[in-house]
Number of protein chains: 2
Amino acid sequence: MNLSTPLTRPSLHEELVTRLREAIVQGTLEPGAKVPERELCESLGVSRTPLREALKVLANEGLVVLESNRGARVSNVTMEELEAAFPVIAVLEGLAGELACARASDGEIARIALRHRDMFRHYEAGNRPAYFQANRDIHDALMAAARNPVLAQHYTMLSSRVERARLLANVSDSRWAEAVEEHHDILAALETRDGARLRELLTAHLNNKLAALKKALS
Amino acid sequence: MNLSTPLTRPSLHEELVTRLREAIVQGTLEPGAKVPERELCESLGVSRTPLREALKVLANEGLVVLESNRGARVSNVTMEELEAAFPVIAVLEGLAGELACARASDGEIARIALRHRDMFRHYEAGNRPAYFQANRDIHDALMAAARNPVLAQHYTMLSSRVERARLLANVSDSRWAEAVEEHHDILAALETRDGARLRELLTAHLNNKLAALKKALS
DNA sequence: ATGTTGAATTATGAATACAATTTGAGATGA
DNA sequence: TCATCTCAAATTGTATTCATAATTCAACAT
């Protein structure tokens with residue numbers, strides 16, 4: 001049991017931030033939708049103050065846009081935003097891979113390898129949702145292995161902004177096969193702890209993802 | 001006169017975020033200092049609501065920490081944070097350089113070159129504050145030339161977190177000379193639009209900066 | 001029918017009020 | 001003297017209220 005943490009109850013606005021962020025990322029709150037304060041307050045059982053605080057935070061992250069005197073709406077996933085965000089995510093993942101090669105424990109790498117095998121199985125079974133979930137787990141595990149909280153924080157922020165694009169666009173089967181190929185190389189680089197190569201592979205992987213999304217959304 | 005913009009008045013909390021961020025970055029609000037709500041409200045002439053909203057946003061950025069029921073305090077600049085943040089800033093600047101080489105107008109590059117000459121002058125005059133300011137201007141101009149708002153947003157957030165370290169540590173003269181040398185190469189790569197090289201130079205430059213800070217703070 | 005106007009309604013931005021927690025000074029006792 | 005306890009004052013977290021801007025929609029003119 002952890003005795004160093006001062007036993008702090010999470011404040012309402014913090015919980016709201018995480019819950020709203022989840023709702024936005026998984027599409028419960030749809031892009032472009034207005035966020036009616038009163039309604040949300042009632043369904044969540046809180047007053048407007050903490051809800052509005054949470055909206056300010058999410059606006060700062062880019063998940064909602066505040067229109068003065070007209071309230072908040074969930075930000076739209078635009079092609080411009082994806083084209084801006086993906087290269088940034090790409091270099092962040094590249095850095096994460098490089099750090100993970102240097103810092104990950106053998107156990108962590110083994111666990112990531114295991115998840116890769118899961119993911120490959122899901123690919124062969126043609127199970128996209130399970131594949132996506134495994135994919136996310138892998139990227140998150142890699143980020144954790146990099147042991148850089150600042151990196152992780154910004155990665156989370158950016159991921160939440162683009163994750164929603166997946167709901168809008170199913171990439172082609174051919175791109176899917178390509179992505180799986182890339183992941184084979186990624187895993188190999190991680191297992192040999194070839195940081196420079198993993199960085200390049202991850203950066204390229206993310207940039208390819210953007211290209212695929214572009215195609216799927218046009 | 002611009003008639004396309006819908007004439008929107010900036011909300012209080014937005015102005016507070018920028019003003020408080022500035023105050024924190026330039027050290028007016030010192031690291032570790034408590035942020036007394038009442039006092040700030042009076043001196044800023046606003047009520048607690050928008051101030052608290054701003055504090056939530058700054059907390060999300062990592063500039064302040066919220067202690068439940070005990071208010072906010074300016075976050076401390078720790079070595080762990082610098083070691084985490086600098087590599088991230090390094091890859092972001094690298095990306096910015098790469099993009100700037102591809103996208104900057106000749107005029108923009110000329111302006112950055114001009115600021116470089118300013119900066120070199122300040123170095124020769126031994127004027128550190130002016131040098132720092134010119135340095136910041138250069139990095140900001142480069143970021144603007146990259147034309148990637150997501151990149152710029154995250155760069156701003158991260159810069160504000162580490163900028164404060166400069167107030168705590170004066171780097172050595174020898175490192176200063178090194179940094180100036182590096183900037184000569186950086187400018188050359190930008191002027192020849194050698195994106196790959198500029199990326200490497202900027203990433204290395206930032207990582208060297210961290211090493212110098214480490215030395216100066218130990 | 002179509003479009004415009006403007007009062008009534010609603011929603012938002014900000015201030016204030018209230019409740020819960022922390023802080024700190026002084027009392028109490030060993 | 002020192003530690004602990006008590007309780008008031010101050011500070012924070014949340015709710016509510018107030019003022020203002022936006023929206024709606026019925027009445028009207030074209």
Side-chain angles (χ1 to χ4, degrees), chain A residues 3-21 23-24 29-76, chain B residues 2-21 23-24 28-76:
Chain A
L3 296 178
S4 67
T5 309
L7 183 58
T8 178
R9 207 150 303 285
S11 60
L12 282 184
H13 94 269
E14 277 180 42
E15 293 201 33
L16 288 175
V17 167
T18 57
R19 286 191 59 174
L20 290 177
R21 185 167 26 218
I24 292 173
L29 288 173
E30 287 178 19
K34 271 178 302 193
V35 182
E37 290 184 5
R38 257 185 56 79
E39 204 175 301
L40 266 183
C41 286
E42 285 174 14
S43 65
L44 292 168
V46 298
S47 82
R48 283 176 61 211
T49 307
L51 175 66
R52 296 179 99 262
E53 288 170 350
L55 288 176
K56 302 289 182 289
V57 171
L58 292 173
N60 192 54
E61 291 187 10
L63 286 178
V64 310
V65 291
L66 302 177
E67 296 164 334
S68 54
N69 290 318
R70 264 183 275 185
R73 55 176 64 238
V74 179
S75 69
N76 281 302
Chain B
N2 184 359
L3 295 179
S4 67
T5 309
L7 184 57
T8 177
R9 205 151 305 284
S11 60
L12 283 184
H13 94 269
E14 276 179 42
E15 293 201 31
L16 288 175
V17 166
T18 56
R19 286 191 58 174
L20 290 177
R21 185 168 22 220
I24 291 173
T28 311
L29 289 173
E30 288 179 18
K34 274 174 300 197
V35 182
E37 290 184 4
R38 215 181 46 77
E39 207 174 297
L40 266 184
C41 286
E42 285 175 13
S43 64
L44 293 168
V46 299
S47 82
R48 283 176 61 211
T49 305
L51 175 65
R52 288 171 57 74
E53 289 170 350
L55 288 176
K56 302 289 183 290
V57 170
L58 293 173
N60 193 53
E61 291 186 11
L63 285 178
V64 309
V65 291
L66 303 176
E67 295 164 335
S68 53
N69 290 316
R70 264 183 272 183
R73 57 178 61 238
V74 180
S75 69
N76 281 301

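We name chains A, B, ... by the order of the sequence lines, and we start the count at 1 in each one.
No side-chain heavy atom of A:Glu53 sits less than 4.5 Å from a side-chain heavy atom of A:Val57. You'll find the side chain of B:Val46 stays beyond 4.5 Å of the side chain of B:Glu15, heavy atoms only. Between B:Glu30 and B:Val74, the closest side-chain pair of non-hydrogen atoms is not below 4.5 Å. No side-chain heavy atom of A:Thr49 sits less than 4.5 Å from a side-chain heavy atom of A:His13. In this structure, the side chains of A:Leu20 and A:Val64 stay at 4.5 Å or more apart for every pair of heavy atoms. Between B:Arg19 and B:Leu44 the shortest side-chain heavy-atom distance falls below 4.5 Å.
For DNA chain C, no neighbouring residue in residues 57-65 of chain B is found when judged by any heavy atom under 4.0 Å.
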**Report entry** Contact pattern, 5' to 3', of nucleotides 12-22 of chain D - B, S or - by protein heavy atom under 4.0 Å
**Finding:** BBBBBB---SS

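Put simply, CD on B:Glu39 is 14 Å from P on D:dA10, counting in whole angstrom units. Rounded to whole angstrom, the span from the CG atom of B:Leu51 across to the P atom of C:dG13 amounts to 17 Å. A:Glu42 has its CD atom 10 Å from the P atom of C:dA11, to the nearest Å.
A:Lys56 contributes atom NZ, which lies 6.5 Å from atom OG of B:Ser11 (distance to the nearest 0.5 angstrom). For the atom pair CD (B:Glu14) and CG (A:Asn60), the distance works out to 9.5 Å, reported to the nearest 0.5 Å.
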